[in-house]
Amino acid sequence: MAPSRALVLKSSEFRRGREESWRTLEILLERAERQGVRALGPAELEQLPLLYRQALSSLSVARAIALDRHLLLYLEDLALRAFLVVYGPRRDLAGGVRDFLLRGFPRAVQGAGWHVLITLLVLLAGCVAGYALTIADAQWFNTFVPSGLAGGRGPASTRQELLDDEIFHPWPGLVDSFLIVANFLFQHNTMVGILSFSLGIAAGIPTLLLIGYQGLVLGAFLAVHAKLGLAYDFIGWVSIHGITELGAIVLCGAGGLLIAEKILFPGRYSRVESLARVGGQASHIALGAVLLFFLAAILEGGFRQLVASTPLRLLIGGAVGACWMTYLALPRAGGDDEPRP
């Protein structure tokens with residue numbers, strides 16, 4: 001059987017028995033987006049998060065068995081829309097955004113200090129492991145980094161190729177930078193973050209594995225560049241957007257661990273009650289991380305290649321990191337809708 005024919009059959013088999021739930025979710029999302037969540041009835045509100053989790057599970061399976069690109073894009077879009085409806089703010093847009101940025105998001109992160117620290121340590125451990133293994137044997141790069149993510153880079157790349165085609169590649173122009181590259185980066189990174197957050201429901205183990213894997217990929221890339229004497233330039237190239245992007249990944253993982261904690265250690269409440277109490281805080285963290293992914297995509301796709309100096313890139317990356325740390329660490333007065341642990 002031809003490969004394309006086999007792929008069509010495989011995709012058709014995957015859709016069977018799942019497509020009805022996707023269509024139902026799409027109908028609910030369209031109503032909620034047009035008229036607000038209040039337009040949904042009690043039964044539909046109860047059904048919405050269940051359908052969202054089913055769509056997310058379908059996306060995870062579809063990614064694992066590499067189904068056709070159109071189906072993956074459809075499920076990614078459906079899952080992202082459902083995430084924003086399920087975990088989005090429930091007040092007027094202007095007031096909700098203002099309160100979220102000034103109080104909700106920073107306070108939620110401050111209340112998850114240990115979860116952020118654990119996630120950061122797992123990411124760093126993965127990075128160190130990926131670097132050490134790839135430095136010892138360059139073929140580990142191909143094990144850790146899928147070809148689509150490698151973008152033609154790898155152990156076979158020369159120093160000049162990495163300098164000309166990656167680190168100091170000319171700015172591709174406004175359309176390619178913002179409409180193509182930034183959009184792709186935002187969708188890809190956001191789905192990784194949402195999966196890290198949502199998989200906290202499985203006691204946090206998949207969340208930590210996914211965060212660790214992101215570290216392995218970063219460490220493998222660093223090792224490939226270090227072998228050619230480009231570690232300094234690579235770190236500078238990554239720093240402009242990487243601090244924001246990696247911070248968002250860490251925050252998504254921390255939100256997942258918050259959920260996992262209440263599943264494993266519900267305390268004096270039932271697991272359902274514990275999840276309800278921590279849900280506001282976790283969703284604030286996840287929504288803030290989505291905002292960071294958007295900003296990181298703009299920096300990476302639109303502005304990174306405009307700066308052709310490694311020291312200046314490091315300076316900009318350090319300044320961005322200092323701004324984020326200051327913003328998230330400053331004490332905030334409580335609000336009426338602040339997330340409560």
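Note: hydrogens, waters and symmetry copies are ignored here, and every other heavy atom, side chains too, is used.
- Between Leu251 atom CG and Thr119 atom OG1 the span is 8.5 Å, to the nearest 0.5 Å.
- The two residues Leu258 and Val278 come nearest to each other via the heavy atoms CD2-CG2, 3.9 Å.
- Tyr213 meets the ring-ring contact (aromatic ring centres under 6.0 Å, His included) test with no other residue; sequence neighbours excluded.
- Distance CG/Leu230 to NE2/His225: 6.5 Å, rounded to 0.5 Å.
- Counting heavy-atom neighbours within 6.0 Å of Glu20 CD, excluding the residue itself, gives a total of 12 or less.
- Using a 4.5 Å heavy-atom threshold, the side chains of Phe105 and Leu292 count as touching.
- Atom CZ of Phe294 is surrounded by 12 or fewer heavy atoms from other residues, nucleotides or ligands within 6.0 Å.
- For Leu50 against Arg53, the heavy-atom pair with the smallest separation is CD2-NH2, 2.9 Å.
- Partners of Phe144 under the ring-ring contact (aromatic ring centres under 6.0 Å, His included) rule, at least two apart in sequence or in another chain, are Trp140.
- Heavy atoms only, all atoms of each residue included: Leu246 and Leu123 are closest at CD2-CD2, 4.3 Å.
- With contacts defined as side-chain heavy-atom distances shorter than 4.5 Å, the pair Leu312/Ile316 qualifies.
- Leu162 and Leu149 fall within the same hydrophobic cluster, where Ile, Leu, Val, Met, Phe, Trp and Tyr residues are linked whenever their side-chain heavy atoms come under 4.5 Å apart, directly or through other members.
- Between Arg304 atom CZ and Glu300 atom CD the span is 4.5 Å, to the nearest 0.5 Å.
- Pairs passing the salt bridge (charged side-chain N to carboxylate O under 4.0 Å, His left out) check and including a residue from residues 220-249, sequence neighbours excluded, do not occur.
- Proximity of a side-chain donor or acceptor of Ser60 to a complementary backbone N or O of Ser57 within less than 3.5 Å is not detected.
- Hydrophobic cluster membership differs between Leu216 and Leu209, with clusters built from Ile, Leu, Val, Met, Phe, Trp and Tyr side chains linked at under 4.5 angstrom.
- When atom types are taken as modelled, the side chain of Ser283 and the backbone of Gly280 share a donor-acceptor pair closer than 3.5 angstrom.
- Within the 4.5 Å cutoff, no side-chain heavy atoms of Val250 are placed close to those of Ile211.
- Connection of Leu73 to Trp22 is not established within any shared hydrophobic cluster, with ILVMFWY side chains joined at heavy-atom distances below 4.5 Å, either directly or through further cluster members.
- Annotation for Gln281 and Ala108: closest pair NE2-O, 3.1 Å, computed over non-hydrogen atoms.
- The side-chain heavy atoms of Thr190 and Phe83, taken from C-beta on, include no pair separated by under 4.5 Å.
- Applying the side chain to side chain donor-acceptor pair (under 3.5 Å) test to residues at least two apart or on different chains, none of the pairs has a partner in residues 120-129.
- Residues Leu29 and Leu48 have side chains in contact (heavy-atom distance under 4.5 Å, counting atoms from C-beta outward).
- Ile240 is not listed as a side-chain neighbour of Val320, based on a closest heavy-atom distance of 4.5 Å or more.
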Problem set entry | Pair Ile285-Phe197, side-chain contact (heavy atoms from CB on, under 4.5 Å): steps then yes or no | CA-CA 9 Å; Ile285 293 174; Phe197 171 74; over 6 Å; no
Exercise. Leu222 and Thr134: side-chain contact (heavy atoms from CB on, under 4.5 Å), yes or no, with the steps?
Worked result: CA-CA 9 Å; Leu222 179 59; Thr134 307; over 6 Å; no
Donor-acceptor pairs under 3.5 Å, side chain of residues 322-329 to any protein atom, not counting sequence neighbours: which ones?
from: Trp324; atom 1: NE1; to: Thr244; atom 2: OG1; distance (Å): 3.0
from: Thr326; atom 1: OG1; to: Ala322; atom 2: O; distance (Å): 2.8
from: Tyr327; atom 1: OH; to: Leu101; atom 2: O; distance (Å): 2.7

Exercise. Run the side-chain contact (heavy atoms from CB on, under 4.5 Å) check on Gln47 and Thr24 step by step: do they pass?
Worked result: CA-CA 10 Å; Gln47 189 181 22; Thr24 303; 3.9 Å; yes
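- By the criterion of side-chain heavy atoms lying less than 4.5 angstrom apart, applied directly or through intervening Ile, Leu, Val, Met, Phe, Trp or Tyr residues, Leu45 is grouped together with Leu84 in one hydrophobic cluster.
- Using a 4.5 Å heavy-atom threshold, the side chains of Ile167 and Arg313 count as touching.
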Problem set entry | Candidate pair Leu124 and Leu120, rule side-chain contact (heavy atoms from CB on, under 4.5 Å), full reasoning | CA-CA 6 Å; Leu124 291 176; Leu120 178 60; 4.1 Å; yes
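- When all heavy atoms of Phe293 and Cys252 are compared, the closest pair comes out as CE1-SG, 3.8 Å.
- In this structure, Glu26 pairs ionically with Arg23, as a charged nitrogen and a carboxylate oxygen lie closer than 4.0 Å.
- Cluster annotation: Leu315 is not connected to Ile243 through the hydrophobic network of ILVMFWY side chains, with a link wherever side-chain heavy atoms come within less than 4.5 Å.
- Using modelled atom types, no side-chain atom of Ser196 and backbone atom of Thr207 make a donor-acceptor pair closer than 3.5 Å.
- A distance of 13.0 Å separates CG in Leu210 from CD1 in Ile205, rounded to the nearest 0.5 Å.
- Looking only at side-chain heavy atoms (C-beta outward), Val85 and Arg81 stay at 4.5 Å or farther from each other.
- Here Phe141 pairs with Phe221 under the ring-ring contact (aromatic ring centres under 6.0 Å, His included) rule; sequence neighbours left out.
- The backbone N or O of Leu330 lies less than 3.5 Å from a partner atom in the side chain of Gln110, making a donor-acceptor pair.
- For the pair Ala55 and Leu25, the tightest heavy-atom approach, listed with the atom from each and the gap, is CB-CD2, 3.8 Å.
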